Amino acid sequence: MNIAQKLISSHLVHGDLRTGGEIAIRIDQTLTQDSTGTMAYLQFEAMGIDRVKTRRSVAYVDHNMLQSGSENADDHKYIQTVAARHGIWFSRPGNGICHQVQLERFSVPGQTLLGSDSHTPTCGAAGMLAIGAGGLDVAVAMGGGAYWLTMPKVCRVYLTGELNKMVAAKDVILEVLRRLSVKGGVGKIMEYGGPGVKTLSVPERATIANMGAELGATTTVFPSDERTYQFFAARGREADWTALYADADAEYDEQIEIDLSSLHPMAAQPHSPDNVVPISEIAGIKVDQVCIGSCTNSSFCDLMRVAGILEGRHVAENVSLTISPGSRQVLKALAENGALAKLVTAGARVLECACGPCIGMGQAPATDAVSLRTFNRNFYGRSGTPSASVYLVSPEAAAVSAVTGVLTDPETYGAEPPYDVPEHFTIDDGMLISPPADGSGVEVVRGPNIKPFPQAAPPAETLSGECLIKLGDNITTDHIMPSNARLLPFRSNVPYLAGFCLSPCDPDFAARAREKSGGFIVAGGNYGQGSSREHAALAPLYLGVKAVLAKGFARIHRANLINNGILPLVFTDAADYEAAEQGDDIAIENAPAQIAAAAEGRPVAVRLGGREIEMKLDITPRQRDILLAGGLLNYTHKHRED
Ligand code: MIC
Ligand code: SF4
């Protein structure tokens, strides 16, 4: 077996390992962060379960950190108290980015992790099966329910050779994105193997696993080997380590090969992580801002390389350089060894250990600015400045360019400064709060910003309305439910957020949806790529959207639509998509019967702008029951009653 098959088969509670079939797996660990967490915990509370049934569940606060009003602090209080009430660990604001802290403190090779954040696969770097999902799926897993998914294909990424100096793990994943695109990983687990793997440390593997999310992959896995052991031992966690390798005769559905020594520094150009070119082809672009950090590139090793490059140099006058360490442990280690002083001396603006600029929480660039970021997403408008051009690069390229003031290929800049990795880090879990043995006495504090979430209802006999908007390919959840510093504080307030639904595509969308009492969305391929945010389904639900008619869907968003009772219908004939127009009348007669028949593989008859067309609703019997029950919460209640 390959590693993915080993991880799945040891957790399988339904189905078998045949590609494309429906499987269910037991979940050992869950994580939430604050921007998806409030909703996940409201949903968990609605399920009426007293204490989580996982081996470990952790609630992080790392996204909504700008307290420019009372909203975020209120949400933090809610999450802290609801966590204590139900047996969940709490990682306090300031302790770090969820994926970095989870990897450092809680990852366990061989276990499963479900997180309400699309970059949860980061822990695949330590041999976990770590999957991102919507809040409702995570709530169900906290209650002991299995996680259901389609058995993915397994694509081996066979690594040979070794990275050259100033070439980084970031360049490996940018190369994979260049080759496969943001749709290339859909329905797949990316499994790294080959002799090149042992040349990569766990933090380097984490960069690669993290950005597997940008391929649309279900997750990414690495073996748990000697290097993994070193990572655990340096953090006093030897006891959590076990070995995990693919069998010598393991088979894979697909394979790509990368010779690490052939790679050169890359950049993903605006506005997509797969718009990748070698930096040498575009070097010289004047840079206004450089941001180093995020769950992709904020490890101790990343920041040590940055400190080495910046030592004795200064940030160019035209550049603002920000650095967000991934965790308090990273920050502390940099403080203890003097690297922090080098960063500050060079003119870096050191920010909190949090997502920060990656999710547009501050540091929006100037109008028309060029911003180099070590992050994972450069979707249109995500930085908070729609006219900005965001390029994704390695920490090395970012640091070198911060000094030169123009986009610079780090290979042209001189030798890579060496640095030492401590054999043992100072361990301080003082910002992690373990839950009380009995939480029944804990009072859950709900601020005024926490509003009830919209709940789906079983489908009506006829679903009818207008095509409210027609969209193109690769619409991200940042388009559907933007998350800038002004909107992120309202993640517990769907009625307010709904007013901004799809606003980057059409500022009048929400008003139109309200005026028409709901309707339908028509879209191209890979609809809903990016974030796991359930709000991209909850806001349309609140606005009365009954179905999305698209050429194709991204995995997590599709599950979020079904979990919230919205039909994800797929065009079987591209001409039908071409012919559709905003304002077309749409109707689906006998909806419940058609949904039931769709689970048997039958097409769904849709009247679209006066034409009768057939669409595909590719659902399993369980998904049929979820849709007919009016969403996952109703389905879960019903199942418990049965
Ligand atoms: C992101 O990177 O887009 C986020 C913010 O971390 C999201 C979660 C969210 O929208 O709250 C993600 O990746 O799932
Ligand atoms: Fe946070 Fe950015 Fe990572 Fe999302 S991608 S978890 S916003 S650092």
Side-chain angles (χ1 to χ4, degrees), residues 31-40 59-66 72 75 79 91 93 96-103 114-123 130-135 137-138 173 206-207 209-214 216 273 291-299 302 322-327 330 351-363 373-384 390 392 476-485 487-492 494 497 528-539 554-557 559-560:
L31 73 76
T32 58
Q33 37 86 343
D34 47 319
S35 68
T36 55
T38 45
M39 229 16 99
Y60 291 90
V61 174
D62 55 0
H63 280 62
N64 295 338
M65 303 278 282
L66 285 184
N72 285 347
D75 283 0
I79 293 174
S91 175
I97 304 174
C98 55
H99 309 303
Q100 177 73 22
V101 177
Q102 188 80 14
L103 182 66
L114 194 71
S116 65
D117 189 280
S118 64
H119 291 102
T120 302
T122 311
C123 281
I131 301 179
D137 278 323
V138 175
I173 188 63
T207 297
N210 175 279
M211 274 190 90
E214 275 53 68
C291 299
I292 297 175
S294 90
C295 55
T296 313
N297 276 126
S298 58
S299 66
D302 282 336
T322 71
I323 297 181
S324 322
S327 69
V330 169
L351 307 180
E352 270 194 288
C353 304
C355 301
C358 177
I359 187 58
M361 287 305 262
Q363 305 301 328
R373 299 176 164 215
T374 65
F375 308 165
N376 47 40
R377 291 185 173 145
N378 57 348
F379 298 149
Y380 174 73
R382 183 174 161 103
S383 67
V390 176
L392 307 176
T476 72
T477 49
D478 278 294
H479 291 102
I480 306 169
M481 201 56 263
S483 266
N484 52 41
L487 291 182
L488 209 54
F490 295 96
R491 281 294 184 93
S492 346
V494 174
L497 275 188
Q529 68 160 326
S531 152
S532 68
R533 66 189 68 143
E534 203 164 16
H535 305 76
L538 289 167
R555 179 184 67 88
I556 305 179
H557 184 60
N560 285 340

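Counting convention: from 1, in listed order, for ligands and their atoms alike. Residues: numbered from 1 along the sequence shown. Bear in mind that the values here come from a model prediction, so they are computed numbers and not experimental data.
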- Task: May I ask you to identify, for His535, whether its side chain, its backbone, both or neither come under 4.0 Å of ligand 1 on a heavy-atom basis?
- Result: neither
- Message: Contact between Arg373 and Ser383 at the side-chain level, heavy atoms closer than 4.5 Å - yes or no?
- Response: yes
- Item | His99 near atom 1 (Fe) of ligand 2 via N/O/S, less than 2.8 Å | no
- Task: Measure across Ala213 and His119 and return the closest heavy-atom pair with its distance rounded to 0.1 Å.
- Result: CB-CD2, 3.6 Å
- Item | Minimum-distance pair of heavy atoms, taken over all atoms of Phe375 and Met211 | O-SD, 4.2 Å
- Would a 4.5 Å heavy-atom cut-off, applied to side chains only, mark Ser327 and Cys353 as touching? no
- Message: Using a 3.5 Å cut-off on N or O atoms only, is Asp478 in polar contact with ligand 1?
- Response: no
- Item | Main-chain N/O of Cys98 paired with Asp62 side-chain donor or acceptor, under 3.5 Å | yes
- Item | Ligand-residue contact atoms, ligand 1 with His63, heavy atoms, under 4.0 Å | 4 (C), 5 (C), 6 (O)
- Taking the side chain from Asn484 and the backbone from Leu487, do they hold a donor-acceptor pair closer than 3.5 Å? yes
- Task: Mind checking whether Asp62 contacts ligand 2 via backbone (N, CA, C, O), side chain (CB onward), both or neither, at a 4.0 Å heavy-atom cut-off?
- Result: neither
- Message: Any nitrogen or oxygen of Asn376, side chain or backbone, less than 3.5 Å from one on ligand 1?
- Response: no
- Any idea which protein heavy atom is nearest atom 1 (Fe) of ligand 2, and the distance to it? Cys355 SG, 2.3 Å
- Would you say ligand 1 has an N or O under 3.5 Å from any N or O of Ser483? no
- Note on the structure: In this structure, atom 3 (Fe) of ligand 2 is nearest to the protein heavy atom Cys295 SG, 2.3 Å
- Message: Report whether any nitrogen, oxygen or sulfur of Cys358 sits less than 2.8 Å from atom 2 (Fe) of ligand 2 (N, O or S, backbone or side chain).
- Response: yes
- Message: Given Arg533, His99, Glu534, identify the one with the heavy atom nearest to atom 10 (O) of ligand 1.
- Response: Arg533
- Note on the structure: Smallest heavy-atom separation, Ala485 atom then Leu66 atom, equals CB-CD1, 4.3 Å
- Query: With a cut-off of 4.0 Å, which atoms of ligand 1 are near a heavy atom of Ser35?
  - Reply: 9 (C), 11 (O)
- Query: Can you tell me the protein heavy atom closest to atom 4 (Fe) of ligand 2 and the distance?
  - Reply: His63 NE2, 3.7 Å
- Note on the structure: Nearest heavy-atom approach of Ser116 to Val138 is N-CG2, 3.6 Å
- Measure the shortest side-chain to side-chain distance between Thr374 and Leu392 over non-hydrogen atoms and say whether it is less than 4.5 angstrom. no
- Query: If every non-hydrogen atom of Cys123 is compared with every non-hydrogen atom of Gln102, which pair is closest and at what distance?
  - Reply: SG-CG, 3.7 Å
- Task: Would you mind telling me if ligand 1 is within reach of the side chain of Asp117, the backbone, both or neither, using heavy atoms under 4.0 Å?
- Result: both
- Query: Tell me: protein heavy atom nearest atom 8 (C) of ligand 1, and distance?
  - Reply: Gln33 NE2, 3.2 Å
- Which atoms of ligand 1 are found less than 4.0 Å from any heavy atom of Ile359? 5 (C)
- Message: As an exercise, identify every atom of ligand 2 less than 4.0 angstrom from a heavy atom of His119.
- Response: 5 (S)
- Note on the structure: One finds that the ligand 2 atoms under 4.0 Å from a non-hydrogen atom of Ile359 are 7 (S)
- Message: Minimum heavy-atom separation for Ser324 and Ala354, please, with both atom names.
- Response: CB-O, 3.8 Å
- Message: Looking only at protein heavy atoms, which one is nearest to atom 13 (O) of ligand 1, and what is the separation?
- Response: Ser118 OG, 2.5 Å
- Subset of ligand 2 atoms that lie under 4.0 Å from at least one heavy atom of Asp117: 6 (S)
- Item | Rounded distance [0.5 Å steps], CG in Asp34 versus OG in Ser492 | 9.0 Å
- Message: Starting from atom 7 (C) of ligand 1, what is the nearest protein heavy atom, named by residue and atom, and what distance separates them?
- Response: Ser531 OG, 3.2 Å
- Message: Given 3.5 Å as the limit, does a donor-acceptor pair link the side chain of Arg377 with the main chain of Gly530, or not?
- Response: yes
- Decide, yes or no, whether a salt bridge links Asp478 with Arg533 under the criterion of side-chain N to carboxylate O below 4.0 Å. yes
- Query: Counting from 1, what ligand 1 atoms have a heavy atom of Ser532 closer than 4.0 Å?
  - Reply: 12 (C), 14 (O)
- Item | ligand 2-proximal atoms of Arg382, by part, heavy-atom distance under 4.0 Å | side chain
- Message: Give the atom numbers and elements of ligand 1 that come within less than 4.0 Å of a heavy atom of Arg382.
- Response: 1 (C), 2 (O), 3 (O)
- Give a yes or no on whether the backbone of Ala537 and the side-chain of Glu534 come within a donor-acceptor separation of less than 3.5 Å. no
- Message: With a cutoff of 4.0 Å, is Arg373 in contact with ligand 2, counting heavy atoms of the residue only?
- Response: no
- Query: Quick one: does Met481 get within less than 4.0 Å of ligand 1, heavy atoms only?
  - Reply: no
- Please answer whether the main-chain N or O of Pro482 pairs with a side-chain N or O of Arg382 as donor and acceptor at a distance below 3.5 Å. no
- Logged contact type for Asn376 with ligand 2, heavy-atom cut-off 4.0 Å, is side chain
